[in-house]
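Notes follow the structure.
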Protein chains: 2
Amino acid sequence: MLPKPKEKLDPRVKRTRSLILQAFSDLLAEKGFESITVQDVTDKAQVNRATFYAHFADKYALLDSFISQLFRQEIEKRTLNACHYTPENLKNLIIAVCEFLSTTHSNCAQPHQQFESLVEGTIKNQIFELLTLWLQQTKTKISTDIPATVATWAIYGLASHYSHHKKRPALETFVDEALPLVAINLEQFA
Amino acid sequence: MLPKPKEKLDPRVKRTRSLILQAFSDLLAEKGFESITVQDVTDKAQVNRATFYAHFADKYALLDSFISQLFRQEIEKRTLNACHYTPENLKNLIIAVCEFLSTTHSNCAQPHQQFESLVEGTIKNQIFELLTLWLQQTKTKISTDIPATVATWAIYGLASHYSHHKKRPALETFVDEALPLVAINLEQFA
DNA sequence: TGAAATTTGTTGGATAAACAACACTGGAGC
DNA sequence: GCTCCAGTGTTGTTTATCCAACAAATTTCA
């Protein structure tokens with residue numbers, strides 16, 4: 001979640017990572033995650049297979065990195081990464097997750113069960129980390145774990161619900177209706 | 001001119017060369033060749049400057065490679081690289097050079113004197129090599145050097161003339177008129 | 001003009017990527 | 001059951017790229 005303090009990274013590793021991630025992204029648009037092999041990725045990325053394993057433990061770690069990176073971009077685009085808890089920010093976070101899941105579904109060829117639940121785990125981790133960051137800035141002595149967990153699951157659930165709707169209602173309307181139910185649990189941090 | 005017999009090249013080498021060439025191409029669209037430094041190229045290509053010198057002697061060698069590669073593509077697109085001399089092929093060659101110079105002028109920001117004459121040298125070498133290849137397939141005992149030289153200069157001159165015209169006549173018309181003057185010198189190889 | 005800054009071309013040592021093996025797993029077909 | 005095949009994950013070695021430093025040439029500009 002935190003953008004690392006501008007560490008200078010060897011251009012070779014930046015290049016390799018970005019080649020692998022781009023190839024993976026292209027492949028996801030073509031076929032299902034389960035049918036993608038490490039071979040496929042390294043072939044398309046024009047990178048040696050051994051090099052892949054120097055960067056990622058396996059294709060699941062790759063998926064995790066890929067999804068995390070995309071989600072972080074969505075968050076940073078809305079400057080939600082360096083702020084604190086307010087109902088307004090919470091609303092924008094919910095919107096971000098909704099839009100993220102929607103575009104993910106339209107960009108990926110065959111979102112099957114395994115794929116979806118892997119994405120779910122990754123995104124919920126990201127949401128939880130972000131919320132924890134927000135809540136701890138209130139310097140409260142209250143533990144943030146429980147509220148953050150509840151909110152995380154609620155937010156993801158809402159976004160999942162929204163993004164699976166065939167005929168989606170206007171996002172604004174949807175979020176306005178849902179926001180209070182989540183906000184009530186975080187009231188003490190406002 | 002000849003496509004090397006499918007040598008397997010280290011992916012890193014291919015990658016680096018292509019990064020450098022692409023960066024150079026982009027820079028040429030922005031500013032004049034004389035004002036482009038090796039620094040500029042390696043910065044844009046995200047490649048170390050020392051690595052540049054492992055591939056090219058200097059920026060003039062880079063320009064030569066770049067122009068040669070573009071021209072070879074133009075030739076291969078018209079399958080003129082694996083054939084012999086006929087007036088028809090000669091006509092297509094003239095057309096190719098005309099179009100190449102035209103697009104070069106429209107893609108490069110500031111075609112100054114030095115740039116133009118460097119391109120001229122590179123292209124004339126390419127034309128000469130191609131013509132020599134064509135003429136030697138006739139297995140004649142006649143030396144091909146003189147006729148190939150004359151034709152090379154004539155062709156480049158025509159294309160240069162054509163591409164500098166503000167209001168260009170139809171390429172077909174122009175070439176039809178010019179072709180006989182060049183072909184007459186190569187008659188003995190037809 | 002002359003001093004300062006930029007660019008060039010080169011070097012030696014450090015590191016990432018390529019490559020060619022290897023043993024292992026799991027599934028498909030017989 | 002069995003073999004065969006495709007994919008996995010790892011290893012040792014070689015090679016390309018990175019990096020920081022350097023002297024020399026060139027450009028800038030006061």
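The chains referred to below are lettered A, B, ... by the order of the sequence lines, with proteins before strands, and numbering in each begins at 1. Note that this is a predicted model, so its numbers are computed, not measured.
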Between D:dG7 atom P and A:Leu27 atom CG, what is the distance in whole Å?
-> 13 Å

When you get a sec, tell me which of C:dA18, C:dA16, D:dG9 is the closest nucleotide to the side chain of A:Val13?
-> C:dA16

Below 3.5 Å, does any donor atom in the side chain of B:Arg12 face an acceptor in the base of D:dT17, or the other way round?
-> no

Which of the following nucleotides, D:dC18, D:dG9, C:dT10, is nearest to the side chain of B:Tyr53?
-> C:dT10

Starting at the 5' end of DNA chain D, which residue's closest nucleotide do you reach first, A:Ile36 or B:Gln46?
-> A:Ile36

Calculate the interatomic distance between B:Gln39 atom CD and D:dA20 atom P; express it in whole Å.
-> 13 Å

Atom NZ of A:Lys14 and atom P of D:dC18: how far apart are they, to the nearest Å?
-> 11 Å

Whole-Å distance, B:Asn48 CG to C:dT8 C1', equals 14 Å

Are the aromatic ring centres of A:Phe52 and A:Phe24 under 6.0 angstrom apart?
-> no

Within the 6.0 Å centroid threshold, strictly below: B:Tyr85 and B:Phe189 | no

Between D:dC18, D:dG7, D:dG9, spot the one nearest the side chain of A:Thr37, thanks.
-> D:dG7

Would you mind reading off the distance between A:Asp58 atom CG and C:dT25 atom P, rounded to a whole angstrom?
-> 17 Å

Polar side-chain atom of A:Trp134 near backbone of A:Leu90 as donor-acceptor pair, under 3.5 Å | no

To the nearest Å, give me how far apart CG (A:Asp10) and C1' (D:dT17) are.
-> 8 Å

Look at B:His55 and D:dA16 and indicate whether a side-chain polar atom (N or O) is within less than 4.0 Å of OP1 or OP2.
-> no

Using atom CZ of A:Phe52 as one end and atom P of D:dT8 as the other, report the distance to the nearest whole Å.
-> 9 Å

Contact class for A:Ala54 vs. all strands (heavy atom < 4.0 Å): base, sugar-phosphate, or nothing?
-> nothing

Of B:Gln39, B:Gln22, B:Glu30, the one forming a side-chain hydrogen bond (donor to acceptor under 3.5 Å, both in side chains) with B:Lys44 is B:Glu30

Can you check the A:Asp43 CG to C:dC19 P distance for me, whole Å?
-> 12 Å

Is the phosphate of C:dA18, meaning OP1 or OP2, less than 4.0 Å from a side-chain N or O of A:Arg49?
-> no

Using a 4.0 Å heavy-atom cut-off across all strands, classify B:Arg17 as base, sugar-phosphate, or nothing.
-> nothing

Does the side chain of B:Ser68 come under 3.5 Å of the side chain of B:Gln126 through a donor N or O and an acceptor N or O?
-> yes

